[in-house]
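All residue numbers refer to positions in the sequence shown, counting from 1.
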Amino acid sequence: TRFPAQYEAVIAHRNGADCDMLEAERAVLGLDHAVVGRALAEHWKFPPLIQRAIAHHHAPMAQDLGAIPSVVHVADAIFHALDLASYADEQVPHIAQNAWDSLAIDGAGLRRVFKDTESEFDNACQILTASS
């Protein structure tokens, strides 16, 4: 919302280069949303674990396997896989195998996560868009 022209350039680059948003942000802006998110989390004095989850949500660190950063990493991919961001031709982020393994989610569990995520996302959207 603060830099709409620059973000339009990021989207144009993503579409032209057929790359993911992270790559496009780095190419156009010289940084990505994970860097900005961590800077904001530090500024707002979020706990270090939350700062790491934000900073490394595309690639959790080994020390965070099985912890909140791994959950955020997998949740981010699920969010994009379910097309909840509604970006045209969006690419689903890669899930690090070690992060996935650390969460020990089986097929049935994953189906429940997908179903619950869609339902809760719809509920949240209704709440946020309801007239007062």
Side-chain angles (χ1 to χ4, degrees):
T1 62
R2 302 297 246 170
F3 303 98
Q6 292 87 343
Y7 209 70
E8 284 295 324
V10 168
I11 293 169
H13 181 84
R14 183 201 66 175
N15 293 340
D18 192 30
C19 63
D20 64 27
M21 288 299 283
L22 208 61
E23 292 174 59
E25 289 168 348
R26 290 174 184 156
V28 173
L29 304 174
L31 49 83
D32 60 54
H33 64 273
V35 171
V36 173
R38 180 169 196 156
L40 285 172
E42 288 175 3
H43 178 74
W44 293 332
K45 300 185 182 352
F46 284 11
L49 181 63
I50 301 301
Q51 291 178 31
R52 285 197 318 271
I54 293 168
H56 302 288
H57 71 275
H58 289 285
M61 298 170 22
Q63 70 199 49
D64 292 324
L65 296 177
I68 290 172
S70 287
V71 172
V72 172
H73 170 68
V74 171
D76 179 62
I78 291 170
F79 175 82
H80 291 285
L82 291 172
D83 195 28
L84 299 177
S86 299
Y87 295 135
D89 300 323
E90 180 177 22
Q91 296 179 5
V92 176
H94 171 76
I95 295 177
Q97 188 66 50
N98 57 354
W100 176 256
D101 292 344
S102 75
L103 299 178
I105 301 173
D106 64 9
L110 183 59
R111 285 188 292 281
R112 278 193 311 276
V113 168
F114 269 59
K115 181 181 176 204
D116 292 348
T117 300
E118 287 178 311
S119 174
E120 291 302 320
F121 183 80
D122 289 341
N123 290 340
C125 287
Q126 289 176 6
I127 290 167
L128 294 172
T129 58
S131 302
S132 336

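Under the side-chain hydrogen bond (donor to acceptor under 3.5 Å, both in side chains) criterion, Asp122 pairs with no residue at all, not counting sequence neighbours. A search for side-chain hydrogen bond (donor to acceptor under 3.5 Å, both in side chains) contacts involving Arg26 returns Asp32, not counting sequence neighbours. Applying the side chain to side chain contact (heavy atoms under 4.5 Å, CB included) criterion to Ala9, with sequence neighbours excluded, gives Val28. Applying the side chain to side chain contact (heavy atoms under 4.5 Å, CB included) test to Ala41 and every residue at least two apart in sequence or in another chain returns Phe46, Gln51, Ile54. Here Glu118 pairs with nothing under the side-chain hydrogen bond (donor to acceptor under 3.5 Å, both in side chains) rule; sequence neighbours left out. In this view, His33 and Leu22, Glu25, His57, His58 satisfy the side chain to side chain contact (heavy atoms under 4.5 Å, CB included) rule, not counting sequence neighbours. Legend: residues meeting side-chain hydrogen bond (donor to acceptor under 3.5 Å, both in side chains) with Gln126, ordered by chain and number and at least two apart, are absent. Considering only residues two or more places apart in sequence or on other chains, Asn98 meets the side chain to side chain contact (heavy atoms under 4.5 Å, CB included) condition with Leu65, Ala96.
The shortest side-chain heavy-atom distance between His13 and Cys19 falls under the 4.5 Å cut-off.
Remark: Ser70 OG to His56 NE2 distance equals 11.5 Å, nearest 0.5 Å. The CZ atom of Arg112 lies 6.5 Å from the CG atom of Asp106; values are rounded to the nearest 0.5 Å.
Listed by first then second residue, pairs satisfying salt bridge (charged side-chain N to carboxylate O under 4.0 Å, His left out) with a partner in residues 45-72 read Arg52-Asp64, not counting sequence neighbours.
The shortest non-hydrogen separation linking Ala77 to Pro93 is CB-O, 3.8 Å. Scanning both residues, His73 and Ala59, for their nearest heavy atoms gives ND1-N, 4.0 Å.
In this structure, Phe79 shares a hydrophobic cluster with Val71, Val74, Ile78, Leu82, Leu84, Ile95, Trp100, Leu103, Ile105, Leu110, Val113, Phe114, Phe121, the cluster being traced through Ile, Leu, Val, Met, Phe, Trp and Tyr side chains under 4.5 angstrom apart. Connectivity analysis of hydrophobic side chains (ILVMFWY, heavy atoms under 4.5 Å, direct or indirect) links Met61 to nothing; its cluster partners are none. The hydrophobic cluster analysis finds Ile127 isolated: no Ile, Leu, Val, Met, Phe, Trp or Tyr side chain comes under 4.5 Å of it, directly or through other members.
Although no hydrogens or angles enter the test, the distance criterion places a donor-acceptor pair under 3.5 Å between the side chain of Thr129 and the main chain of Cys125. Without hydrogens or angle criteria, Ser102 side chain to Ala99 main chain gives a donor-acceptor distance under 3.5 Å.
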